[in-house]
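Notes follow once the structure below has been shown.
Atoms considered below: every heavy atom in the structure, side chains included; atoms not considered: hydrogens, waters and symmetry mates.
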Amino acid sequence: GRYQITAGMSNNALVNMFASGRQIPVKITFNNIRTREELAERVGTQLECGEESLLEILNDEKTAEKFGLNKNNFLVLFIPNTYELYWNTSAEKFIERMHSEWEKFWTAERREKAENIGLSPAEVSVLASIVKGETNQRDEMDEIAGVYINRLREGWKLQADPTVVFGIGDFTITRVLKKHLEFDSPYNTYMYAGLPPGPINLPDATVIDKVLNYTNHNY
């Protein structure tokens with residue numbers, strides 16, 4: 001475990017603390033995450049379970065299915081924030097905690113808004129990841145979400161550059177060129193209609209809410 005030993009603590013107090021298991025929690029913060037590997041590294045290196053153990057469970061289809069998801073969209077379960085966990089939290093317990101946080105976030109009101117858009121909570125998170133990929137300007141996000149929702153409703157391809165970059169896997173690309181648009185990937189929304197199979201980053205609660213409360217316009 002992880003224990004805090006203070007100056008002047010007696011042997012008796014020290015032994016009692018260890019015996020009772022009075023650990024202090026670790027504050028785990030994750031944001032600006034794109035891939036499973038990045039998430040496993042950010043979180044796993046701060047917990048006893050380690051990076052390798054966490055990555056293994058993030059790649060496990062059966063674990064994803066247990067939460068009503070699949071390997072491609074499993075990362076929607078992880079909403080960026082700062083969480084307090086004990087150092088000896090296992091990879092399985094970490095996933096369960098994140099599912100608990102996901103359930104708390106997806107209130108009846110938010111689920112109703114998602115249903116009115118015609119998307120599942122997981123699909124809203126995937127769309128939010130595209131919006132986040134397009135801009136860091138919070139005041140633009142609801143308008144951009146409205147553009148993509150209009151395209152989905154009209155049956156148009158989303159044609160979102162950030163999904164193309166994610167499909168290629170080269171995050172140094174700052175300008176998408178014609179050659180990039182020809183890269184065949186299920187994440188190439190210039191080639192394939194509808195949402196990509198999973199998120200292209202981890203959108204935080206604010207971005208997800210921007211999608212749920214999108215601006216209704218004709219853009």
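Going from atom CG of Leu58 over to atom CG of Asp60 covers 9.5 Å, rounded to the nearest 0.5 Å. Atom-to-atom distance recorded for Asn136:CG and Asn32:CG is 8.0 Å, nearest 0.5 angstrom. The CG atom of Asn201 sits 10.0 Å away from the CD1 atom of Ile33 when rounded to the nearest 0.5 Å. Glu140 contributes atom CD, which lies 8.0 Å from atom CD of Glu143 (distance to the nearest 0.5 angstrom). In this structure, NZ in Lys157 is found 12.5 Å from OG1 in Thr163, a value given to the nearest 0.5 Å. Note that CD1 of Ile95 is 8.0 Å distant from CD of Glu92, once rounded to the nearest 0.5 Å.
Residues satisfying the side-chain contact (heavy atoms from CB on, under 4.5 Å) criterion with Asn59, sequence neighbours excluded, are Arg36, Leu55, Lys71. Tyr86 pairs by the side-chain contact (heavy atoms from CB on, under 4.5 Å) definition with Gln23, Pro25, Asn88, Thr89, not counting sequence neighbours. With sequence neighbours excluded, no residue satisfies side chain to side chain donor-acceptor pair (under 3.5 Å) with Thr107.
Side-chain contact check for Tyr190 and Glu182: no donor-acceptor pair (N or O, by modelled atom type) lies under 3.5 Å. A donor-acceptor contact closer than 3.5 angstrom is absent between the side chains of Asn150 and Tyr214. Side chain to side chain, Ser10 and Asn12 fail the donor-acceptor criterion of an N or O pair below 3.5 Å. Under 3.5 Å, the side chains of Thr45 and Glu51 contain no donor-acceptor pair of N or O atoms.
The shortest non-hydrogen separation linking Gly21 to Tyr3 is CA-OH, 3.5 Å. Closest non-hydrogen pair, Leu54 versus Ala40, comes out as CD2-CA, 3.9 Å. What you find for Leu202 and Leu75 is that their closest heavy atoms are CD2-O, 3.3 Å. Pro197 and Pro186 make their closest contact through CD-O, 3.5 Å (heavy atoms, listed as atom of the first residue, atom of the second, distance). A pairwise comparison of heavy atoms in Arg111 and Glu103 identifies NH2-OE1, 3.7 Å as the closest pair. Residue Arg42 comes nearest to Asn31 through the heavy atom pair NH1-O, 3.0 Å, listed as atom of the first residue, atom of the second, then distance.
Ion pair Arg110/Asp209 flagged as a salt bridge, since at least one NZ, NE, NH1 or NH2 atom sits closer than 4.0 Å to an Asp/Glu carboxylate oxygen. Using a 4.0 Å cut-off between charged nitrogen and carboxylate oxygen, Lys93 and Glu96 count as a salt-bridge pair. Under a 4.0 Å N-O distance rule, the pair Glu101/Arg97 qualifies as a salt bridge.
Judged by distance alone, the side chain of Ser129 and the main-chain N or O of Pro203 form no donor-acceptor pair under 3.5 Å. At distances below 3.5 Å, at least one donor-acceptor pair connects side-chain atoms of Glu123 with backbone N or O atoms of Ser120. For the pair Asn188 (side chain) and Phe183 (backbone), a donor-acceptor distance under 3.5 Å is present.
Using bins of under 30°, 30° to 60° and over 60° for the plane-to-plane angle, the ring pair His217/Tyr219 lands in the parallel bin. Using a 30° and 60° split on the angle between ring planes, Phe67 and Phe74 fall in the parallel class, below 30°.
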side-chain contact (heavy atoms from CB on, under 4.5 Å) evaluation trace for Tyr187 with Val164: CA-CA 6 Å; Tyr187 287 86; Val164 175; over 6 Å; no
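A 6.0 Å sphere centred on CD of Glu56 holds no more than 12 heavy atoms belonging to other residues, nucleotides or ligands. The local environment of CG in Asn11 is sparse, with at most 12 non-hydrogen atoms from other residues, nucleotides or ligands closer than 6.0 Å.
Both the sub-6.0 Å distance and the 45° axial angle are not jointly satisfied by Arg34 relative to the ring of Phe166.
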